[in-house]
Amino acid sequence: MSVMRRLALVDCNNFYVSCEQVFNPALRKRVVVVLSNNDGCVVSRSAEAKQAGIGMGVPYFKVRQQLEALGGIALSSNYALYADMSHRAMTLMRDMAESQEIYSIDECFLDFSAFTPDQALIQATKIRQALWQSLSLPVCIGLGATKTLAKLANEMAKTLKEASGICNLSDPLSPWRESQMEEMPVGSVWGIGRRTARSLESIGIKTVGDLLQAPPQRLRKNYSINLFRTLSELNGQTCIGFEQVAPARQQIIASRSFGHAVKEVQDLNEALSTFATRAAERLRADGSLASHLQIYVRGSPFAEQASSPDDAINIQLSSPTNDTRRLVDATLSGLKLIYRPGLRYKKAGVILGGIVPAHHYQPDLLRTQSHNNSSTLMRVMDHINDRFGRDVLRVASMGHRDEADWHMSCSRRSRRYTTTLDELPVFSSLGLS
DNA sequence: TATCGTATCACAC
DNA sequence: CTAACGGTGTGATACGATA
């Protein structure tokens, strides 16, 4: 007989904006947004920005004027900073529970099963305080018997004014809490996205309470297995396991939209060489090999003409590899086959697939030296780049222009306070870099 | 008929 | 001045090709 599970879901509030505010307190209590790559869309908003009606995911150019009128601030995203803050937060929480599953850059599940209900609430409070005191990060915490319930509790912790950052949907569940839960909109449930929510609403299922009371046969008939798992989890039955170690990735994607549309093969060569290089670095960091890759190029999905390019090609490697040179070669040979002169390309990408552990692969003794994997050269290259800076050692096809059209726009990035010495204010102002 | 690969969708963050 | 709209990853499902 298994003991009841009790899970906590800790989620940082407005994570990217909060990280920026840690290092620039002048941003507190202000309308602040952080933009996606290429300064494209709003991906994180301060409470004040939400209050002012700045939507999540809205293209920046559509709200730029509104932001200026509000005296608001838009920042390019600074992933080095967010990743570092995330690591600190996760490390801090790791020792405050039996086990931890890092779910995303700003969220983790914690196993609180060993705690009594009272202890669990006390521990949640401690975690909130610890993150605020040592990292200045505000978080909300939801407690529940399943991941879906913990996520829902977290939504309620964010939504309900009186929750003060913590909401408990574990037992014992007060009738009051239960009714609050039943009033939550279906779309706020983890796993029920925009489309399913709209569909459910159209048949009168608008809230969690409606969903729990709906006849299961009717749901089974019209919806996927996912919705049933979600429903079971809302009823307290575990369908989604707790993963302390992340399962091996099945694919690695490296892709970017370009700062400006490009037409020349040379630009695409450089961009795709860079993407293949990034993908290969991650592949080696995972200790893996890829068996095939896909490359794709495309124009703007918003282009008025229907003739915007959109092409892809799959390439089978003669043997699994993590060698940047082989992956770049394959990438460029693929590009040759799909490139068409004169078109306006706006995005490209490399997708590595057929990923296997490096130790799993038995090299073919008849293969030539160039097919060696995890070669000494790659290890040395990674080492040098790690020590002396990204791309100090690189394939020539990546190019060396500081300002190529395909490079991202990123005009408003804050300093990488925690990871790049040159960007500490005291160093840069002294001109030491 | 069972299975396989691929494209597409839905979802999350 | 104007035009301008993310990236990474998983799983389900549909469907035609294949053995």
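We name chains A, B, ... by the order of the sequence lines, and we start the count at 1 in each one.
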Touch class at under 4.0 angstrom, heavy-atom based, for A:Asn314 against every strand present: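 The answer is nothing, as A:Asn314 stays clear of every strand by at least 4.0 Å.
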Report the distance from atom [atom1] of [X] to atom [atom2] of [N], rounded to the nearest whole Å.
X	N	atom1	atom2	answer
A:Arg344	C:dC5	CZ	P	10 Å
A:Tyr296	B:dA7	OH	C1'	15 Å
A:Ile313	B:dA7	CD1	P	12 Å
A:Asp311	B:dA7	CG	C1'	15 Å
A:Tyr82	B:dC13	OH	C1'	15 Å
A:Asp11	B:dA12	CG	P	13 Å
A:Tyr103	B:dC13	OH	P	4 Å

A:Phe258 and A:Trp406 aromatic ring geometry - parallel, tilted or perpendicular at 30°/60° bounds: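 Because their plane-to-plane angle is over 60°, the rings of A:Trp406 and A:Phe258 count as perpendicular.
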Residue-phosphate contact under 4.0 Å: A:Lys346 side-chain N/O, C:dA4 OP1/OP2: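 For C:dA4, neither OP1 nor OP2 has a side-chain N or O of A:Lys346 closer than 4.0 Å.
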Using a strict threshold of under 4.0 Å (side-chain N to carboxylate O), is an ion pair present between [Y] and [X]?
X	Y	answer
A:Lys151	A:Glu155	no
A:Asp391	A:Arg278	yes
A:Asp84	A:Arg88	yes
A:Arg401	A:Asp267	yes

Heavy atoms of other groups near A:Glu403 CD, more than 12 under 6.0 Å: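 No, because the 6.0 Å sphere around CD of A:Glu403 holds 12 heavy atoms or fewer from other groups.
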Side chain to side chain, A:Leu75 and A:Val33, heavy atoms closer than 4.5 Å: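 A side-chain contact under 4.5 Å is absent here.
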Heavy-atom side-chain proximity of A:Val42 to A:Leu35 below 4.5 angstrom: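 Answer yes - side chains close enough.
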Rounded distance [0.5 Å steps], CG in A:Asp310 versus NZ in A:Lys346: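 Taking CG in A:Asp310 and NZ in A:Lys346, the distance rounds to 15.0 Å.
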Worked verdict on A:Ser77 versus A:Asn37 for side chain to side chain contact (heavy atoms under 4.5 Å, CB included): CA-CA 7 Å; A:Ser77 42; A:Asn37 274 337; 4.1 Å; yes
Option among A:Lys50, A:Gln21, A:Arg45 that satisfies the side-chain contact (heavy atoms from CB on, under 4.5 Å) test with A:Asn14: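 Among A:Lys50, A:Gln21, A:Arg45, the one that satisfies the side-chain contact (heavy atoms from CB on, under 4.5 Å) with A:Asn14 is A:Lys50.
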Separation between the C1' atoms of B:dC11 and C:dG6, rounded to whole Å: 16 Å
Under 4.0 Å protein heavy-atom contacts per nucleotide of nucleotides 7-19 of chain C, with B for base, S for backbone only and - for none: SSSBSSS------
Members of residues 182-210 of chain A that approach DNA chain C, where some heavy atom sits under 4.0 Å away: none
Selection: residues 55-69 of chain A, any non-hydrogen atom under 4.0 Å of DNA chain C: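 Of all residues in residues 55-69 of chain A, the ones placing a heavy atom under 4.0 Å from DNA chain C are A:Pro59, A:Phe61, A:Lys62.
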